[in-house]
Amino acid sequence: MTPAPVIIAVDGRSGAGKTTLAVELAARLREHHKVSLFHLEDIYPGWNGLSAGIERYVTTVLAPLRRGVAAEWVSWDWEKHYDGAAHTTLPAEIVVVEGVGAAAEAARPLLDAVIWVEAPVEDRRRRAIERDGSGYEPFWDTWAAQEQEWLESDDVPAHADIHVLNKANGDAPDDVMQALNYLPGLASVLAPELSARRGLKLLSERIDAVPGTEALFQALHGSSDTAVWLDSSNAETARTDASPEAAARSRFSIMADDGGSFGQSVLHRSGTTLVSAGCATATVSGPFFRWLDTVWGRRALRAPEGYECEFTLGWLGYLGYELKRESGGNDIPADTPDAALLFAGRAVVVDHRESAVWLLALDAPDAGTWLERARAAVRDSAVRDSAVRDSAVLDAADAGHRNAPAAVEPSPQTLPVPLPPRFTARDTRSDYLRKIKESQHEIAEGNSYEICLTTTVSAPDPGLDPWQSYLALRRRNPAPFASYLRFGPLTVASTSPERFLRIASDGAMRAEPIKGTRARANDPVIDGHLRKDLETSLKDRAENIMIVDLLRNDLSHFAVPGSVTVSRLCAIESYATVHQMVSTIDAQLRPGAPRAEAVAAAFPAGSMTGAPKISTMDILDRLEDGPRGVYSGAIGYFSLNAASDLAVVIRTLVMNRDGDGGRTLSLGVGGAITADSEPSDEYEEIRTKAFGVLSTLGAEFPED
């Protein structure tokens, strides 16, 4: 008796392409393993024999192989319509079983992985007849009816580990191989494949150019269903910012999609992670941060010579606030995925300080073609003429109000739409004021020191173009952590100024919470007074310092003892529409510490919860009448050199498909409540924070 093999079932309706996929999959697995392959079509007893064939397959083939012994079975003679010759299938390290019913209910307890293959019905019929000849055509309806009856009582797709939409273009085998690597149950047997996945080579190229970033992103990713732009939209104004920290935050912009040989995307909801690689999607159960730890946190790539950005390809996207269920919070479902990431096997990085563009790509057969295309896109979007470049700089400076306070009236950069969106608030003014007082009661009872109470304003989409909406937002509200994320029907357009957490490849950690906000004014004198008022506000300093203490604790869980320091406390930074109070907490990650767990320990950002975090999140769940979704989470990257940089999701418009086939716009806003908060002032603060986004859309904060 040999050791029990790993058994992979390839199931699906007739004509979906299971046989070709199974054969190609076995061929790829044979590079490192001994593989046996069994086709169920050899055992079905006739055109009406689906149920009987499944029973024969389970008892005479699958059960013996599961025990590690040879399977002895009788084939069906399709010409004589009777049992044919006896056959033997030997066990191997991996056994691939293929055919309609391969993952039937009786078979599933004996399987290690289930692959469900699907294709449009007309394609399936055509493929099946082309494969088996006209002799199949008279029996197509008979066989299809049996499949339908079987699936009505046995929902195999719901139990599949991998779903494949087979376009019969040759991509499915490689896509399935990528997806198989994510199944925990196959990790030990696929160790050689996983090792090869980590043996990656980075191709890089520097181009000295000043590209038009909007045009560059549109040229490379305008037609991509899944794409991310981590956009330092205030890069020009940051060059003259007195704060070196603010300038450093605005140095790089990153653009990528999920295309190419290595491209993948991830959606996580309530303990289930869907990893899509081309036409194949793997379903992995378990906490998101546990999954993240399996794909990130180890140095798989070195940065190229002279390249100073920490991103060397990897995962980009967002983590939603409801992932708090994994760090001590309650489990609350949201309308948007709890996390959405793409894996970029190629990307463009713009270095605004050096006026350079870096093209990065993992070595793959299609890398050369993409590099050529990206090179051309950079060239076409570059600002060649010095006069045009100077004009662009002046425009950016004007948009960011580099040398003058920002106007708080709607600017000409508001987005033209047929009708401005009409927002409604989750909480009326009286509701929000009542919740502020309830928060203060919780503080008085000793249940919290500070409660970051939030609400949401939302509106039916009047027909906004998501891309044009983001362009208007980035021009009106330039910010160091601005970003544009597109995940199919979900679009996230953020103008966040706040860093959540950075972990450098060498383990240096940094958090930069914002607590304390003042609107800006047209008059320089008034604007100066507003800045001074924030700088000297005891209440705002108290709010900020409480969050600093919280983050010192969060970072200490995985930090080298004694390495946690506060390098800036309650500094003032000015942006297009607001002044903000910012602090900086630094620490050094312990060598060998799991980086995904270090992120989880600090998530969600303390500036969006209050302190102490876990008890305060529980209070917030009682006070806030719904999930936050993307808002209050984090946007950024997890790089292949073990680095990460994440921003807090604030000042962010979320555009998501609703249940009626339309789209809903939503904007989260909130503020920190302390014992001495004045409720009416706190309400005005959320209006101030919403102004930059709403005014760009031509909309107003909803009144009672």
Side-chain angles (χ1 to χ4, degrees), residues 242-243 245-246 405 408 432-455 497-499 511-521 523-555 564-575 577-586 605-613 615-616 619-620 623 632 648 650-651 669-691:
S243 163
E245 291 86 357
V408 295
Y432 197 75
L433 294 176
R434 172 179 55 79
K435 291 180 179 181
I436 291 173
K437 292 184 178 180
E438 290 180 21
S439 299
Q440 291 176 316
H441 175 73
E442 295 283 355
I443 293 170
E445 291 293 309
N447 299 323
S448 181
Y449 303 109
E450 178 179 359
I451 297 174
C452 297
L453 182 67
T454 77
T455 188
E498 181 176 357
R499 170 176 277 143
E512 296 182 283
I514 291 176
K515 267 287 164 271
T517 303
R518 294 292 185 276
R520 301 202 65 183
D523 187 302
V525 175
I526 296 174
D527 191 66
H529 284 311
L530 288 168
R531 180 184 172 106
K532 186 67 174 178
D533 178 66
L534 176 61
E535 188 175 19
T536 57
S537 167
L538 295 179
K539 171 186 174 293
D540 289 297
R541 288 181 66 86
E543 290 179 8
N544 196 294
I545 291 170
M546 278 190 276
I547 299 304
V548 167
D549 284 341
L550 171 63
L551 281 164
R552 289 172 63 223
N553 176 71
D554 286 349
L555 296 189
V564 181
T565 60
V566 179
S567 56
R568 280 199 314 165
L569 186 63
C570 299
I572 306 301
E573 295 181 357
S574 298
Y575 295 92
T577 58
V578 292
H579 300 294
Q580 306 266 213
M581 184 178 285
V582 187
S583 293
T584 302
I585 305 99
D586 292 305
S607 60
M608 302 305 295
T609 62
K613 183 183 288 186
S615 62
T616 303
I619 294 169
L620 289 168
L623 291 177
S632 298
V648 180
I650 54 176
R651 320 287 198 274
V669 287
I673 310 303
T674 61
D676 59 352
S677 289
E678 173 54 50
S680 60
D681 290 345
E682 296 293 345
Y683 186 73
E684 287 306 310
E685 182 173 326
I686 68 170
R687 289 170 55 88
T688 296
K689 291 175 177 177
F691 175 80

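Checked options D527, T517, D533; the residue passing with H579 is D527 (criterion: side chain to side chain donor-acceptor pair (under 3.5 Å)).
Expressed to the nearest 0.5 Å, how far CG of L623 lies from CD1 of I451 amounts to 6.5 Å. Separation of atoms OG (S677) and CD (Q440) is listed at 5.5 Å; rounding is to 0.5 Å.
Among residues two or more places apart in sequence or in another chain, the salt bridge (Lys or Arg N to Asp or Glu O under 4.0 Å) test is passed with D681 by none. Every residue two or more places apart in sequence or in another chain was checked for a salt bridge (Lys or Arg N to Asp or Glu O under 4.0 Å) with E498, and none qualifies. With sequence neighbours excluded, no residue satisfies salt bridge (Lys or Arg N to Asp or Glu O under 4.0 Å) with R651.
Pairing each heavy atom of C452 with each of K515, the nearest pair is SG-CE, 3.7 Å. Considering every non-hydrogen atom in both S448 and I619, the closest pair reads CB-CD1, 4.0 Å. Taking every heavy atom of both residues into account, D540 and M581 meet most closely at O-SD, 3.8 Å. The two residues M546 and A611 come nearest to each other via the heavy atoms O-CB, 4.4 Å.
For the pair L550/T609, a side-chain contact is recorded, criterion being any heavy-atom separation below 4.5 Å from C-beta on. Under the 4.5 Å side-chain criterion, counting only non-hydrogen atoms from C-beta, E512 is not in contact with E573.
Side-chain atoms of H441 and N447 include no donor-acceptor pair closer than 3.5 Å.
Under the 4.0 Å criterion applied to side-chain N and carboxylate O atoms, E682 and K435 are not assigned as salt-bridge partners.
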